[in-house]
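Following: one structure in structure tokens, then a few remarks.
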Amino acid sequence: MARRKIVAGNWKMNKTPSEAVALVEELKPLVVSDDVDVVFCVPAIDIIPVAEAVKGTNIEVGAENMYFEEKGAYTGEISPAMLVDAGVKYVVLGHSERREYFAETNETVNKKVLKAFEHGITPIMCCGESLEQREQGVTMDFIRQQVKVGLQNVTADQAKTMVIAYEPIWAIGTGKTATTEQAQEVCAGIRACIAEVYDDATAEAIRIQYGGSVNAATAPELFAQADIDGGLVGGAALKPDFGKIVNYK
Ligand code: PEP
């Protein structure tokens, strides 16, 4: 069975609540699609107004992070139950910016992935190499480790429903999109890794996005690749271009 494409916007630390609602109103008519899942992953404070603004549309709301404990003395953190109650269906976990600036590791990402599943939130688990790693020829070793540790104790049935975003760090926010061949090669490698860890059926079902300076011009060729099931989009998710990326065909 063909995998359904999924295009998610990662708004990062952009848009106040009122600006967020205005952006949703602008993008709503542009992202209508019958065959692509559309997700807006927004800052925590924007989740409630955005969830209200997308009611009755094809847009789902995602968070950009989540803590792995249920509740308690974790000042500043957001729990999975809080996200669920606010209407969140997806959560981006292990984005390279969180790994770099907030010391997230494969182990903490794994705890968050498990906790998201416990609460019925679909993880969008990010992985990707630095430029140095690519130049040293260790891209696939590094990513396989990120994926294997990130998925520890995740069942095959859970893995089938999740999303992995391959985001080469050197392509994020730089305007340098990976070539179609580079992106397809790594996404195919991730799928092979899933087949090894689980089985072919799980590898066939899991959705793998490419992310890194995706725009309306590059999306069609990227999303046409056999192992690329859509995109995680940063900068272009804040512009009308996002509608063109969703409707890439
Ligand atoms: C991202 O933040 O996940 C991302 C891919 O950003 P950009 O599209 O701006 O490179």
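Both counts, for ligands and for their atoms, begin at 1 and track the order of listing. No hydrogens, no waters, no symmetry mates; every other heavy atom, side chains included, goes into these values.
- Looking at His95 next to ligand 1, an N or O pair under 3.5 Å apart turns up.
- For a threshold of 3.5 Å applied to N or O pairs, the pair formed by Gly235 and ligand 1 contains at least one separation below that value.
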Do Ile172 and Glu97 pass the side-chain contact (heavy atoms from CB on, under 4.5 Å) test, and can you show the C-alpha distance, the side-chain angles, and the key distance before you say yes or no? CA-CA 9 Å; Ile172 297 178; Glu97 288 152 15; 3.7 Å; yes
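- Contacts with ligand 1 closer than 4.0 Å are made by side-chain heavy atoms of Asn10 only, the backbone lying farther away.
- Between Gly212 and ligand 1 there is a heavy-atom distance shorter than 4.0 Å.
- When each atom of ligand 1 is checked for a heavy atom of Ser213 under 4.0 Å away, the hits are 7 (P), 8 (O), 10 (O).
- The side-chain heavy atoms of Gln184 and Ile228, taken from C-beta on, include a pair separated by under 4.5 Å.
- When each atom of ligand 1 is checked for a heavy atom of Gly173 under 4.0 Å away, the hits are 7 (P), 9 (O), 10 (O).
- Residue Glu185 places its CD atom among 12 or fewer non-hydrogen atoms of other residues, nucleotides or ligands, all under 6.0 Å distant.
- Of the N or O atoms in Gly234, one or more lie within a sub-3.5 Å distance of an N or O in ligand 1.
- Between Tyr74 and Tyr67, the ring-plane angle classifies as tilted under the 30° and 60° cut-offs.
- Not a single heavy atom of Ala165 sits closer than 4.0 Å to an atom of ligand 1.
- Crowding of Lys239 atom NZ: a count of heavy atoms from other residues, nucleotides or ligands under 6.0 Å not exceeding 12.
- Taking a 6.0 Å sphere around CG of Leu114, one finds it holds more than 12 heavy atoms contributed by other residues, nucleotides or ligands.
- Looking at ligand 1, you'll find an N or O of Lys12 within less than 3.5 Å of one of its N or O atoms.
- The pair Glu70-Lys115 meets the salt-bridge criterion, with a side-chain N (NZ, NE, NH1 or NH2) lying under 4.0 Å from an Asp/Glu carboxylate O.
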